[in-house]
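Heads up: the structure comes next, in structure tokens.
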2 protein chains.
Amino acid sequence: MSVTLADVAARAGVSAATVSRVLNGNYPVAGSTRSRVLRAVDELEYVVNGPASALAAASSDLVGVLVNDIADPFFGIMASAVQSEIGPGPDGAGHKMAIVCNTGGLPERELTYLTLLQRQRAAGVVLTGGAVEDPGHAEALGARLRRLEAAGAQVVLCGRPPLPEPGPLTVTFDNRGGARRLTEHLLSLGHRRLGYLAGPAGRTTTRHRLEGHREALSAAGLAGDAERLTVQGAYDRAAGYDGALELLRRDPGLTAILAANDTVALGVCAALRDRGLRIPEDVSVTGFDDLPFAVDATPALTTVRLPLHDAAARAGRLVLGRETPPPGGVTTFPTELMARQSTAAPGR
Amino acid sequence: MSVTLADVAARAGVSAATVSRVLNGNYPVAGSTRSRVLRAVDELEYVVNGPASALAAASSDLVGVLVNDIADPFFGIMASAVQSEIGPGPDGAGHKMAIVCNTGGLPERELTYLTLLQRQRAAGVVLTGGAVEDPGHAEALGARLRRLEAAGAQVVLCGRPPLPEPGPLTVTFDNRGGARRLTEHLLSLGHRRLGYLAGPAGRTTTRHRLEGHREALSAAGLAGDAERLTVQGAYDRAAGYDGALELLRRDPGLTAILAANDTVALGVCAALRDRGLRIPEDVSVTGFDDLPFAVDATPALTTVRLPLHDAAARAGRLVLGRETPPPGGVTTFPTELMARQSTAAPGR
DNA sequence: GTCGATGTAGAAAGCGCTTACTTGCCCAGG
DNA sequence: CCTGGGCAAGTAAGCGCTTTCTACATCGAC
């Protein structure tokens, strides 16, 4: 039915072992034999049986990439970067493929997918996105990751904080510093009444950004207001819309709103506009992440750039063992303030 | 080292065959035996060896999803929809996983990935995005798809036109009708000098949208202008920016620009703004696709909504054989005009 | 009381590859 | 001229599952 190694071997007049060695290139084969085999492969249109080779070699060409939501460019960019590191390059070489798993941010789903990846005998797994801060889940997750590693998979966390030692390799962002600088930027413009839309509760990303924000406020002697003007919500547009209205209710005179991310910021802008408030004249708005659309918003969003592509590419290299990890296994990427037109000195 | 079927069988006091049958549930097993086996599975934390089972069963739990660029929400939305159909549901059941392949729109890469998917013995493949209209590539692609199908994979095209009979199952959009209605909308507002940014040459999506556009122009007796005011370009923001400037050069008095898609439209808006032109007072702008950010643009983009999620979900069901295809195998989804604030009667 | 269904479980033969081990060969050194 | 080392290729034993075929009860029916 389908062409096998043995067929190729027969055609080339060699043994199956030799064909395998030519194909895997990890054993000396004479030049003439090699070319005879390759010709036979070509003529028969032979395609390796991946499962068979994974079974025999006890490891597959598959790398799992866990994301909260692949439709969100935040994760799409990271998935794309991982894939371009592990997949076939411009030369067509490289056989690894990415299994993208949409967890929807749900802890159980995360565990389910990790088991499925172990079942596929994945060569590695990249976990992107912030982690859920539930002790129970953290433990279950840690156990699952250890089992994966025991099964021979390389685990890399990307964009989430390191797990307690000895945890998996980690590539993360300085969320806290970014949030601090963003807040300092607004403070330096003269803002004193800042609303903060914090993102979903119980996630590390949310907490780190909030900490950075409060750090800056405390340094400016505004710690008291922080509690009152912080609203939790999802990482989506609707949360931004509703959250902005809620903040205005709590303090109709606030002059700036920091959104949990760029998408939330869009919702904030829509709400402010519907309320007849101008940006930035009446209220300054900031995002976070610097996704491609941030620069196209009107006004262009002041935000914090995360080097999503670079970080995920590095995660991709680490998962393949193509890059040596730093001592401790944790790489933290800096974040950068992108001051644009959605922030200005308070005008009211 | 790792727990196998045999270990589970030993622990449950049954044969490996029985364990396999319990796990696959396609053969009668007595209730008491079944529960003994499941307990053993639990106690030993047994995880099926996917490659081994794929080898023995001659088909894996993997479904390939080819996209041009996973970082683009257009594809992200489709990938997400496919995944939610095939992957583990809310109940945790379902074992299929999606291998997302970024082709970058490159024909060779497309072929490379299809071979890789065949190598993985993928149960199915969903090809999204417009096809390249090169006869050579079309043939190579057709051959590759036939080989995949011969190898037992179910192939589904999603968002690209059907291949000549007997081609694979297809789910597609009425791009032409959408473009026609969009153009009619502008014509009915009174526009007579319309610029068109057509997207990359040699792709079916580009051609179909262009045809719809010209259809409407011809019906209005404006066929002559069409040629002159059409500019080809990429599907990105920069193409929109440059294209808009080029169109203004060709006809400084044009009153509307139709962009190849929403992302391109953002570039158009930026260029117009830089030129000091107001939207829609001076120039109306339209997008295509109705991606989430379209409604957040300022002004909100008039565009054509493609039911990306529904179409891709259907593709996901078709690829698993969970939905019976219509006779002929082609489903065309309608598109819908979303008239928003970026279009208005010409004001100059 | 015997016989064919019927329902449940086991035995064993692969699935197509990888890889440790073995073999055969050629050539340099004694 | 013989021998030992090194290279290239072959042999064959699995890898962990699925599935066909077989075995054996149990059971209702004649």
Side-chain angles (χ1 to χ4, degrees), chain A residues 1-38 40-41 44-62 95 115-116 118-123 151-152, chain B residues 1-38 40-41 44-62 95 115-116 118-123 151-152:
Chain A
M1 156 170 176
S2 104
V3 182
T4 72
L5 247 205
D7 300 331
V8 176
R11 172 135 197 160
V14 298
S15 71
T18 301
V19 177
S20 170
R21 298 201 262 246
V22 167
L23 262 23
N24 294 310
N26 48 11
Y27 194 90
V29 174
S32 63
T33 313
R34 140 175 268 98
S35 54
R36 212 146 26 97
V37 167
L38 291 178
V41 164
L44 296 177
E45 299 190 322
Y46 171 67
V47 177
V48 179
N49 183 318
S53 104
L55 172 59
S59 164
S60 75
D61 291 336
L62 270 13
H95 298 158
T115 303
L116 287 178
Q118 182 176 346
R119 172 185 183 133
Q120 296 295 342
R121 298 299 187 262
Chain B
M1 159 172 174
S2 104
V3 183
T4 72
L5 246 205
D7 300 331
V8 176
R11 172 139 198 154
V14 299
S15 71
T18 302
V19 177
S20 170
R21 298 200 263 244
V22 167
L23 261 24
N24 295 310
N26 48 12
Y27 194 89
V29 174
S32 62
T33 312
R34 141 174 268 98
S35 54
R36 215 148 21 99
V37 167
L38 291 178
V41 164
L44 295 177
E45 300 191 319
Y46 171 67
V47 177
V48 179
N49 183 317
S53 106
L55 172 58
S59 164
S60 75
D61 292 335
L62 272 11
H95 297 161
T115 303
L116 251 29
Q118 181 175 348
R119 171 186 183 132
Q120 296 296 342
R121 297 303 187 258

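The shown structure was predicted, so the numbers you read here are calculated from the model rather than taken from an experiment. Just so we're on the same page: letters track the sequence lines, and every chain starts at 1.
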Which heavy atom of [X] sits nearest to which heavy atom of [Y], and what is that distance?
X        : Y       : result
B:Arg119 : A:Pro51 : O-CD, 3.6 Å
B:Val3   : B:Asp7  : CA-OD2, 3.4 Å
B:Ala9   : B:Ser15 : CB-C, 3.6 Å
B:Val37  : B:Val8  : O-CG1, 4.2 Å

Are the side chains of [X] and [Y] in touch, meaning some heavy atoms are under 4.5 Å apart?
X        : Y        : value
A:Ser2   : B:Gln118 : no
B:Tyr27  : B:Thr18  : no
A:Gln120 : B:Leu62  : yes
A:Val41  : A:Leu23  : yes
A:Thr115 : B:His95  : no
B:Asn49  : A:Leu55  : yes

Next on the checklist: Both B:Gly31 and A:Asn26 contact DNA chain C. Taking the nearest nucleotide for each, which residue is further toward the 5' end?
Outcome noted: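 Result: B:Gly31.
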
_First and last nucleotide of DNA chain C, 5' to 3', lying under 4.0 Å from heavy atoms of chain B_ =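 Range of nucleotides within reach of chain B: C:dT8 to C:dG16.
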
### Task
For DNA chain C, find the residues of residues 50-57 of chain B with a heavy-atom distance under 4.0 Å and give them by number; none if there aren't any.
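Per residue number, the list reads B:Leu55, B:Ala56.
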
Nucleotide by nucleotide, nucleotides 6-13 of chain D touches protein heavy atoms under 4.0 Å in the pattern (B base, S sugar-phosphate only, - none) --SBBB--

Starting from P on D:dG14, measure out to CG on B:Asn49 and report it in whole angstrom.
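One finds 17 Å between P of D:dG14 and CG of B:Asn49, rounded.
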
